[in-house]
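Following: one structure in structure tokens, then a few remarks.
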Amino acid sequence: MAVSVSERILALPRPAKKLIVLAGDALLCAASVHIAYYLRTNEWAPLFGPTAYAVVTAILLALPIFIVLGLYRAIFRYTGNAAMLTITKAVAIYSIPYFLIYTYIGIPGVPRTLGLLQPIVLLLLVVGFRATAGGWLGYSYRSGDAGRSMAKNMPRVLIYGAGFSGRQVASALQLSGQVHVLGFVDDDRSLWKATINGQRVYSPTEIDLLRD
């Protein structure tokens, strides 16, 4: 059976995964500088010259901050709101020296607004990258042999109520990776047998059947 790219990534040792993410974040730093430059001037930044220094500065500032705040300790397939808040905090800290260098002080050949735009673009890219990778790898893990084996050994839970609060609880539990969510139980007949976020809604009378 052919092994997918996502399965190959999941099978890598943790240090290799961290190196991949570090390299990806370095590329996002470079991309954010060029996108911010384009948003300011409507032209793509030259690969060499002052804007190249802006790329190097972004990488040298961002990666150490990301490491210190633990962005590379999180497992992508369990990325959730807490991880996104950490990313936002890391980029906010990063934006201060970057703003001081390129907006407050200013570097010849680099638009001063780059110091404002680039951190915003970087935040959007990093969050988007983490969310996309988390969804992709998480789905691959859950649908693979390792995910199915782990799911068999996890505590199984049913969530009473398929409303907004119930869906929030289900999402949080799925992201935690600590329990296997069987679905929802709800008194509303119109919801029975419906599927919400991949989880079926059951009647209260079906609970005993689900215990087997």
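- Here the closest non-hydrogen pair linking Leu114 and Ala36 is CD1-CB, 3.5 Å.
- When all heavy atoms of Tyr202 and Gly183 are compared, the pair lying nearest together is CE1-CA, 4.3 Å.
- Under the 4.5 Å side-chain heavy-atom criterion for Ile, Leu, Val, Met, Phe, Trp and Tyr, Ile20 and Leu27 are members of distinct hydrophobic clusters.
- No side-chain heavy atom of Leu63 sits less than 4.5 Å from a side-chain heavy atom of Tyr94.
- For the atom pair CD of Gln118 and CG of Leu39, the computed distance is 11.5 Å after rounding to the nearest 0.5 Å.
- Checked options Phe99, Tyr104, Tyr98; the residue passing with Tyr102 is Tyr98 (criterion: side-chain contact (heavy atoms from CB on, under 4.5 Å)).
- Contact check for His34 versus Val55: side-chain heavy atoms found under the 4.5 Å cut-off.
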Handout entry: Trace of the side-chain contact (heavy atoms from CB on, under 4.5 Å) decision for Asp187 with Tyr160
Key = CA-CA 9 Å; Asp187 295 323; Tyr160 193 87; 2.5 Å; yes
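- When all heavy atoms of Leu191 and Ala162 are compared, the pair lying nearest together is CD1-CB, 4.2 Å.
- Residues Val110 and Phe48 do not share a hydrophobic cluster, defined by chaining ILVMFWY side chains whose heavy atoms lie under 4.5 Å apart.
- A distance of 6.0 Å separates CH2 of Trp44 from CD1 of Ile35, quoted to the nearest 0.5 Å.
- Note that CD1 of Ile65 is 11.0 Å distant from CG of Leu60, once rounded to the nearest 0.5 Å.
- In this structure, OG1 on Thr103 lies 8.5 Å from CG on Leu117, to the nearest 0.5 angstrom.
- Checking side-chain atoms of Thr51 against main-chain N and O of Pro46 turns up a donor-acceptor pair under 3.5 Å.
- Remark: Thr88 engages Leu123 in a side-chain contact (heavy atoms from CB on, under 4.5 Å) (not counting sequence neighbours).
- For the pair Trp192 (side chain) and Pro204 (backbone), a donor-acceptor distance under 3.5 Å is absent.
- For the atom pair CZ (Arg130) and CD1 (Ile87), the distance works out to 5.0 Å, reported to the nearest 0.5 Å.
- In this structure, Ile107 and Tyr53 have side chains that are not in contact, with every pair of non-hydrogen atoms separated by 4.5 Å or more.
- Under the 4.5 Å side-chain criterion, counting only non-hydrogen atoms from C-beta, Val127 is not in contact with Val91.
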Exercise for the section: Give the C-alpha distance, both sets of side-chain angles, the deciding distance and a yes or no for side-chain contact (heavy atoms from CB on, under 4.5 Å) between Val21 and Leu71. Expected result: CA-CA 10 Å; Val21 182; Leu71 264 64; over 6 Å; no
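- Side chain of Arg200 to backbone of Ala194: no donor-acceptor contact under 3.5 angstrom is found.
- Nearest heavy atom pair, residue Gly115 against residue Pro119, reads O-CD, 3.3 Å.
- Between Asp25 and Lys18 there is no salt bridge, since no side-chain N of the basic residue sits under 4.0 Å from a carboxylate O of the acidic one.
- Distance CG/Leu116 to OG/Ser95: 9.0 Å, rounded to 0.5 Å.
- Counting heavy atoms from C-beta on, the side chains of Asp188 and Val201 never come closer than 4.5 Å.
- Thr113 pairs by the side-chain hydrogen bond (donor to acceptor under 3.5 Å, both in side chains) definition with Arg40, not counting sequence neighbours.
- No path of Ile, Leu, Val, Met, Phe, Trp and Tyr side chains, each step under 4.5 Å between heavy atoms, connects Ile93 with Ile120, placing them in separate hydrophobic clusters.
- Taking every heavy atom of both residues into account, Ile59 and Cys29 meet most closely at CG1-CB, 3.7 Å.
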